[in-house]
Every structure is written in C-alpha cells, then in structure tokens.
Amino acid sequence: MTKGAAIAMQTRVYLYEKKYDEVKKAFENFQKECGNEYSLVSPEEYAWQFSLQGEHCSASILEINMYNSATESSYNVNNGNRHVLMSMPRNMTIGFGCAQPTQALVDAYDAEGDIIRKNTTLLSTEEAIEIEVAAKGDVTPVTDDRTGWYN
C-alpha cells in the first residue's frame, strides 16, 4: 500500500458517502502529495491499462501482483488477487463463479453506448469458453452459470 493508494481510497470513501467538499479536499491533497506519480490514460488507452503491457502504468493506483506457486495446489496455486479466480466461471481455471454481473449491467452499458467499459469489464460465458479453448484446447463444462456474464 502506498501513500497515493491510501489518499485515493480516502477520496473514494468520501465520494461514496456523498461528502463532496471532502472529496475535493482529499483529491487536492492527492494531487499535491502524489500527482506526479499518477496520470489518467486517454479513452483510447482505457482497455490497454488492463493488459499485461499496461500493468503498473501511471494510471494504476493499487495493483496486486500475482504468481503461480510451485509449492501449493488447487486454488492456492494462485497467490495474489484471488478475486480473479472467484470471478471466473465455475470449473474453468479453478473458478468459483462468484459475483456474476447481471443482464441489467449489460443493458445499462448498451443503453449508454459504452462499448469501452462493457468490453473491459464484462465477459460472456461464450467468450470465456472461447478464450479457454484457444489457450488449452479443451475445457471442462461451465456449471452454475446464473447470469451468462463474468467480470
């Protein structure tokens, strides 16, 4: 955890609490204390920041590194952000299928014409299977798919 991440989280908490004067103060503090360490990416680069090439870029305030353990097995092989494993389809890449996005989120992106965020944050079951088949050649069938969408 860095100073920038802590101040940014404080800003976010104030935003969720709708304390807009505090948001402004916290953001100004963030800019003063850490502004030269971070910068926003352009809309064209939005998806790039989530790629391997964009990892730990200037727009990244808090990233957790992951690695595959040589000494652990099952879901413990992934050390780092287990959210990825929890969010992947059940039976795929040791996924658990938790916290699936709903069709309402898909519809909201579509209503706004927001293709960039939709494609960056949502993955259909079919797309997940295509990616796995391309990487591994064969996959175990997905089970307990409640919405047809994943993070």
Side-chain angles (χ1 to χ4, degrees), residues 1-72 74-90 92-128 130-132 134-135 142 144-151:
M1 182 64 87
T2 64
K3 183 177 187 175
I7 296 171
M9 185 60 71
Q10 180 185 37
T11 304
R12 187 176 185 180
V13 168
Y14 288 141
L15 184 63
Y16 284 128
E17 292 176 343
K18 298 181 180 182
K19 296 179 179 176
Y20 301 119
D21 288 337
E22 296 302 319
V23 170
K24 184 178 177 185
K25 290 176 192 171
F27 183 71
E28 287 170 352
N29 185 38
F30 175 79
Q31 287 181 307
K32 183 180 104 187
E33 295 289 330
C34 313
N36 61 346
E37 297 175 43
Y38 303 99
S39 63
L40 296 175
V41 296
S42 69
E44 297 78 28
E45 294 178 312
Y46 183 79
W48 168 82
Q49 69 184 327
F50 297 101
S51 70
L52 288 176
Q53 295 79 20
E55 194 168 10
H56 300 292
C57 69
S58 63
S60 175
I61 293 177
L62 177 61
E63 271 189 60
I64 300 171
N65 287 325
M66 297 173 58
Y67 68 94
N68 287 329
S69 172
T71 59
E72 300 290 333
S74 185
Y75 68 89
N76 289 320
V77 74
N78 176 315
N79 289 276
N81 186 349
R82 288 212 175 118
H83 173 74
V84 173
L85 291 179
M86 298 301 287
S87 297
M88 288 302 295
R90 187 172 290 273
M92 186 180 289
T93 316
I94 319 170
F96 289 92
C98 298
Q100 286 186 257
T102 63
Q103 186 63 43
L105 180 59
V106 178
D107 295 343
Y109 283 136
D110 289 343
E112 291 295 320
D114 194 341
I115 295 168
I116 293 173
R117 285 189 179 83
K118 179 182 177 183
N119 291 341
T120 304
T121 60
L122 296 175
L123 186 67
S124 72
T125 303
E126 293 79 19
E127 290 168 322
E130 286 176 19
I131 291 167
E132 280 295 291
V142 173
D144 301 318
D145 184 358
R146 297 176 308 280
T147 70
W149 296 98
Y150 294 91
N151 295 306

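Numbers for residues simply follow the sequence, beginning at 1.
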Please report the interatomic distance [atom1]([X]) to [atom2]([Y]), rounded to the nearest 0.5 Å.
{"X": "Leu40", "Y": "Cys57", "atom1": "CG", "atom2": "SG", "value": "10.0 Å"}
{"X": "Thr120", "Y": "Phe50", "atom1": "OG1", "atom2": "CZ", "value": "6.5 Å"}
{"X": "Thr2", "Y": "Tyr38", "atom1": "OG1", "atom2": "OH", "value": "3.5 Å"}
{"X": "Leu105", "Y": "Lys118", "atom1": "CG", "atom2": "NZ", "value": "9.5 Å"}

In short, Asn151 meets Pro101 closest at the heavy-atom pair OD1-CG, 3.4 Å
Exercise: identify the closest heavy-atom pair between His56 and Glu63: N-OE2, 2.7 Å
Is there a donor-acceptor contact under 3.5 Å from the side chain of Gln49 to the main chain of Gly54? no
Check: Val142 main-chain N/O paired with Arg90 side-chain donor or acceptor under 3.5 Å: no
side-chain hydrogen bond (donor to acceptor under 3.5 Å, both in side chains) with Thr121: which residues, sequence neighbours excluded? Tyr109
Ile131 side chain reached by Leu123 side chain, heavy atoms, under 4.5 Å: yes
Taking the side chain as everything from C-beta on, heavy atoms only, tell me whether Gln100 gets closer than 4.5 Å to Tyr150. yes
Residues which pass salt bridge (charged side-chain N to carboxylate O under 4.0 Å, His left out) with Arg117, listed by chain and number, not counting sequence neighbours: Asp114
Name all residues meeting the salt bridge (charged side-chain N to carboxylate O under 4.0 Å, His left out) criterion together with Asp145; count only those two or more places apart in sequence or in a different chain, and write none if there are none. none
Applying side chain to side chain contact (heavy atoms under 4.5 Å, CB included), name anything that partners Ser51, two or more places apart in sequence or on another chain. Trp48, Gln53
Is Gln103 atom CD crowded by more than 12 heavy atoms from other residues, nucleotides or ligands, each under 6.0 Å away? yes
Return a table of donor-acceptor pairs under 3.5 angstrom between the side chains of residues 18-35 and protein atoms on other chains or two or more places apart.
unit_1	atom_1	unit_2	atom_2	d
Lys19	NZ	Glu17	OE1	3.2
Glu33	OE1	Lys3	NZ	2.6

What residue pairs, at least two apart or across chains, pass salt bridge (Lys or Arg N to Asp or Glu O under 4.0 Å) with a residue in residues 34-48? none
